[in-house]
Number of protein chains: 2
Amino acid sequence: MAASTLTEVARLAGVSPATASRVLNGSARKPGKDIADRVRQAAESLGYIPNAQAQGLAKSSSGLIGLIVHDIADPYFAAIARGVQAAAREQRKMVLLATTGGAPGEEREAVAAFAARRADSIVIAGSRSCRTEDRDDNTELAAELDRYCRNGGRVAVVGHPVVGATAPEGYHVVAVPNQELAGALAVELAAGWDGDFVIIGGPEGLLTSDDRIRGFQEGLARAGRAPAEILRTAFNRAGGYDAGLQLAARIKSGASGGGEAAAPKLCIFAVNDVMAIGASAALRAEGLRIPRDATIAGFDDIETLRDFRPALSTVRLPLEEIGRLATRATGRMSGDSDADEDGEQPTVTGEVTLRRSTEAVA
Amino acid sequence: MAASTLTEVARLAGVSPATASRVLNGSARKPGKDIADRVRQAAESLGYIPNAQAQGLAKSSSGLIGLIVHDIADPYFAAIARGVQAAAREQRKMVLLATTGGAPGEEREAVAAFAARRADSIVIAGSRSCRTEDRDDNTELAAELDRYCRNGGRVAVVGHPVVGATAPEGYHVVAVPNQELAGALAVELAAGWDGDFVIIGGPEGLLTSDDRIRGFQEGLARAGRAPAEILRTAFNRAGGYDAGLQLAARIKSGASGGGEAAAPKLCIFAVNDVMAIGASAALRAEGLRIPRDATIAGFDDIETLRDFRPALSTVRLPLEEIGRLATRATGRMSGDSDADEDGEQPTVTGEVTLRRSTEAVA
DNA sequence: CTGGTCTGGGAAAGCGCATTCCCACTACGT
DNA sequence: ACGTAGTGGGAATGCGCTTTCCCAGACCAG
């Protein structure tokens, strides 16, 4: 038994398919009450479910929103996804998920797949990469997005515009003030600590990571401090752990040379919370304590990590809101008035949140 | 400029749409090499992207997998989603996401939406509810799923079958041995602790929660212990926190009455990790220490929570694998031979993992 | 050299729905 | 009374693609 069609419903109700369509799926023309009831009843008794594919084909719009993330199990992306999902629901759309591991090549594929499905809009979360090895893929990604936009698609990117993308109509960027916030974090940390800083960053070329590093260094400079050393590692927990091990060794050797053993030796800034947690775990595994032997701060304020002890100093980012904003940005009708200056990008603000992990020991 | 169509490509290549279709999208018949090349080149130069909607309509199959979760930002579901995503990729399909907050009514809507989009299969994660207030919604959910299956859809449910669902062809259940594992956990805990147990459970009627509670009690009985008291609360971090506050008060008052203050007063079993973390946070906020004043265990072994200190005793569940299995279960071609006994449900095994949070103080 | 089977390409019929156009009919106006 | 605008329903077309079905030519055996 195949799903019943509009035609069957129409026949059962004794009307034409056109009329049935008009009553069942919102149309400008409203058929008469009695007929409408008959159709609705017929639909009910047949368990009619409109074929969204056919509808989409006929109307050329699918009610789909494509979401591209690196990894849906990463709490950072999961939080954004929640926002996207919420906004999608507001627009009565469904979200199509694609995970790419951050590779521009796979992101290009995902965009193509979304385009094939005629997704109404695409939200790209996740850090852009501008490593030279990704150059070509990035170019293709940009071209693919461009084409998608020209065909009427709307896209929103969280963070940075796709490298090399021109800005056609319908291309939105939800800017995240990574640099400013990292700077503010540095300033605040510098106020309570006069020792050395070290940064655990992601691979060079990861824009989000680079921005945060740059911002932090600028903040340090503003506070009259020397730039921090930068450790490059993977942009995840494992990377943080590795870097943590290195730093632990260094701290321990430093302690043997130094005098009092009870003062922190280092203030560590990991460019995201997950890395910070990894680093903390490494320090702990090496017998070091936070904030006694070293202080540490992260970035993002991941919800699941808030109960972590010692409480992690970080920069609060409204992740869910970011997802929602990005999605909404793509949702505006193209004919929307309201002096839509095309720019008018929504603004995201974060907040430096100092907690126990950077409490300077007096 | 609208996206170019197959017909345009065909015209450019000087062949019929039929031929173009055959070369560009897998068909049984392979046109001649020279012609194929010409078509491919035409497609390339036009930047042709097949319209998946039209393809779906024509083939009546969409290449979509619907995933239903309570909340994508919950690490439990995020982990499952990762597995689903991975398996979907194996099958060259995309995943459609729906979040429902666990309400059967919304789940029904999601199933209908998936059915409308002609999703090839649906994976339902998240605890089934059998509260009486959900009775009607559950019935409708079951009916909707039933219809979906009869129309050729395949569905996999993680954990329990949908309440009231008959088991039509194409309906798979990935059983999670919650009860057995909770029992095993209880037994192991009982071996190292001879005081009282208390369970922090979800609302009554949440099948996953109920199973774990029942299993734990059985394990206790097997170990010759009295059943634990059960605290009902919300199935999330906040619920755990609330319950934790109650228990903290109780522990403290008990301590005033009791003798030595340095022995744990209680062994707490929270039915999932997130609740356990919430409870831990509450105890800590009340000045209690784990495992000194109380020991605690969770369930799921959420990855993000593994760096939590004190390390949480829990039951390791292969969440990602579960998502993958569920998805694969729906992927088998209906004509698959291999003595497909229809039953042959994949098996999930977990593992009791005792860590610091339940280390009995000697 | 003819009748037969293959082979590879094209024509055309949908897939299920939205929508434009058209027509019959009613309700007015003067 | 007739004419006109307005209303509500149906026929038909097309969205972009897949897939039979058909046909022309190639190729082989007899």
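Sequence lines set the chain letters: A, B, ... in the order given, protein chains first and strands last, and positions in each chain run from 1. All of these numbers come straight from a predicted model, not from anything done at the bench.
- On a pure distance criterion of 3.5 Å, a polar donor-acceptor pair joins the side chain of A/Arg22 and the base of D/dG10.
- Distances shown here put a side-chain N or O of B/Thr19 below 4.0 Å from the OP1 or OP2 atom of C/dG10.
- Residue A/Pro50 is classed as a sugar-phosphate contact, given heavy-atom separations below 4.0 Å to backbone atoms only.
- Mapped onto DNA chain C by nearest heavy atom, B/Ala58 and B/Gly32 fall at different nucleotides, with B/Gly32 at the one closer to the 5' end.
- The side chain of A/Ser16 places no N or O atom within less than 4.0 Å of a non-bridging phosphate oxygen (OP1 or OP2) of D/dG9.
- With salt bridges taken as basic N to acidic carboxylate O contacts below 4.0 Å, one links A/Glu106 and B/Arg89.
- Nearest heavy atom pair, residue A/Leu325 against residue A/Val174, reads C-CG2, 4.3 Å.
- Summarising the geometry, the separation between CG on A/Asp37 and P on D/dG9 is reported as 12 Å, rounded to the nearest angstrom.
- When distances run from any side-chain atom of A/Ser21 to the nucleotides C/dG16, C/dT19, C/dA12, the shortest one goes to C/dT19.
- The distance from atom CD1 of B/Ile49 to atom P of D/dC17 is 11 Å, rounded to the nearest whole Å.
- Across the protein-nucleic acid pair, A/Lys59 atom NZ and C/dC17 atom C1' stand 9 Å apart, rounded to whole Å.
- Between A/Arg324 and A/Glu90 no salt bridge is recorded (no basic side-chain N to carboxylate O distance below 4.0 Å).
- Summarising the geometry, the separation between CG on A/Asn51 and P on D/dC15 is reported as 18 Å, rounded to the nearest angstrom.
- The CD1 atom of B/Ile35 sits 17 Å away from the P atom of C/dT7 (whole-angstrom rounding).
- Note on the helix from C/dC1-D/dG30 to C/dT30-D/dA1: terminal axis deviation equals 50°, with five pairs used at each end and the result rounded to 10°.
- The CD atom of A/Gln53 sits 12 Å away from the P atom of D/dT18 (whole-angstrom rounding).
- With no hydrogens or angles considered, no side-chain donor-acceptor pair links A/Asp71 and A/Thr99 at under 3.5 Å.
- A salt bridge does not link A/Arg135 with A/Glu140: none of the charged nitrogens is closer than 4.0 Å to a carboxylate oxygen.
- Ion pairing between A/Arg150 and A/Asp146 holds under the 4.0 Å rule for side-chain N and carboxylate O.
- Not one side-chain nitrogen or oxygen of A/Gln55 sits closer than 4.0 Å to the OP1 or OP2 atom of C/dC17.
- If you check every strand for non-hydrogen atoms under 4.0 Å, A/Leu57 touches a base.
- Considering B/Leu96, B/Ile68, B/Leu67, B/Ile65 in turn, B/Ile68 is the only one that fulfils the side chain to side chain contact (heavy atoms under 4.5 Å, CB included) rule with B/Ile122.
- Counting heavy atoms from C-beta outward, B/Asn25 and B/Gln55 have side chains that approach closer than 4.5 Å.
- The phosphate of C/dA18 has OP1 or OP2 within less than 4.0 Å of a side-chain N or O from A/Asn25.
- B/Ser60 has no side-chain polar atom (N or O) that falls below the 4.0 Å cut-off from OP1 or OP2 of C/dC15.
- Atom CD in B/Glu8 sits about 10 Å away from atom P in D/dC15, given to the nearest Å.
- Here D/dG10 presents its P atom at 14 Å from CZ of A/Arg11, a figure rounded to the nearest Å.
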